[in-house]
Amino acid sequence: MAIKQTAGRDALGEFAPKFAQLNDDVLFGEVWSREAQLSLRDRSLITVTALMAQGLVDTSFQHHLMMAKKNGVTRSEIAEILTHAAFYAGWPKAWAAFRMAKEVWAEKGSAHARKAHENDMVFPIGQPNNGFEQYFIGQSYLAPLSTSQVGIFNVTFEPGCRNNWHIHQADQGGGQILVCVAGRGYYQEWGKEAQELHPGDVVNIAPGVKHWHGAAPDSWFSHLAVEVPGENGHSEWLEPVDDVTYGKLQ
């Protein structure tokens with residue numbers, strides 16, 4: 001879907017109408033909207049890196065950082081991207097870029113935002129979910145609430161974080177129940193539209209169903225994961241959620 005951009009006309013419509021038209025209609029309306037060739041998230045990463053490499057950490061850089069965040073780039077990912085690019089673009093440029101990136105991601109990704117999210121629910125956020133980090137894009141946290149009789153875990157996702165497509169397998173019984181407790185997130189089954197999740201929503205996941213779940217791009221999200229008892233139950237982890245699929249969610 002073509003991006004509706006008016007920044008050029010708003011700033012230069014009378015002074016440089018042709019430049020404004022090329023900026024709004026061609027650069028954003030045509031090039032940025034070629035999502036079948038390259039996702040919005042990937043275009044944001046390329047643009048941010050290119051601007052940083054030139055030392056152009058001005059208002060346009062801030063705008064593209066905000067777009068990158070909107071397009072699903074997480075706080076931890078932008079930190080890694082700028083760290084990697086620093087070795088090629090230059091250390092002083094990286095320092096300047098980091099100062100602006102901290103401002104853009106501060107609202108939702110800071111320690112203050114984490115504490116505010118934790119205060120919105122009665123369960124703890126827990127510790128970084130390092131044991132399963134290979135199956136997540138972004139940072140997640142895990143707090144075991146019950147490990148006997150029925151397993152119950154509070155899973156928290158930073159903004160933009162989601163797990164891979166996966167299937168809960170079992171010879172008999174099994175599956176999972178999600179009870180949403182704070183923030184805003186998504187759940188999607190293979191072949192179906194994603195559904196937005198809010199505190200109080202409950203999702204029943206049958207065994208054998210391919211699905212994923214995680215936070216919205218601009219919000220922390222927590223849900224209780226309730227393990228339904230079954231014989232030889234296990235999770236089959238599959239491919240990551242592609243950027244085009246996730247980038248369509250707002």
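- Open room surrounds CE on Met66; 12 or fewer heavy atoms of other groups in view lie less than 6.0 Å from it.
- Between Phe136 and Phe157, the two ring planes are tilted [angle within 30° to 60°].
- Between His166 and His234, the distance separating the two ring centers is not shorter than 6.0 angstrom.
- Only one option out of Lys210, His168, Gln169 pairs with Glu236 in a side-chain hydrogen bond (donor to acceptor under 3.5 Å, both in side chains); it is Gln169.
- Between His211 and His213, the ring planes lie parallel to each other; the angle is under 30°, not in the 30° to 60° tilted range.
- The main-chain N or O of Glu133 is never found under 3.5 Å from a side-chain atom of Asn130 such that the two would form a donor-acceptor pair.
- Ring orientation note: the planes of Trp237 and Phe132 are tilted relative to one another, at an angle of 30° to 60°.
- The pair Arg34-Asp42 fails the salt-bridge criterion, with no side-chain N (NZ, NE, NH1 or NH2) lying under 4.0 Å from an Asp/Glu carboxylate O.
- Contact of the Pro217 side chain with the Val73 side chain is not registered, since no non-hydrogen atoms from C-beta on lie closer than 4.5 Å.
- Both tests do not hold together for Arg41 against Tyr246: distance to the six-membered ring centre under 6.0 Å, angle to the ring axis within 45°.
- Within a 6.0 Å radius of CD in Gln149, no more than 12 heavy atoms belonging to other residues, nucleotides or ligands are found.
- Heavy atoms of other residues, nucleotides or ligands lying less than 6.0 angstrom from CD of Gln195 number more than 12.
- A 6.0 Å sphere centred on CD of Glu239 holds more than 12 heavy atoms belonging to other residues, nucleotides or ligands.
- Using bins of under 30°, 30° to 60° and over 60° for the plane-to-plane angle, the ring pair His84/Tyr88 lands in the tilted bin.
- Summarising the local packing, CD of Glu193 is surrounded by 12 or fewer heavy atoms from other residues, nucleotides or ligands at distances under 6.0 Å.
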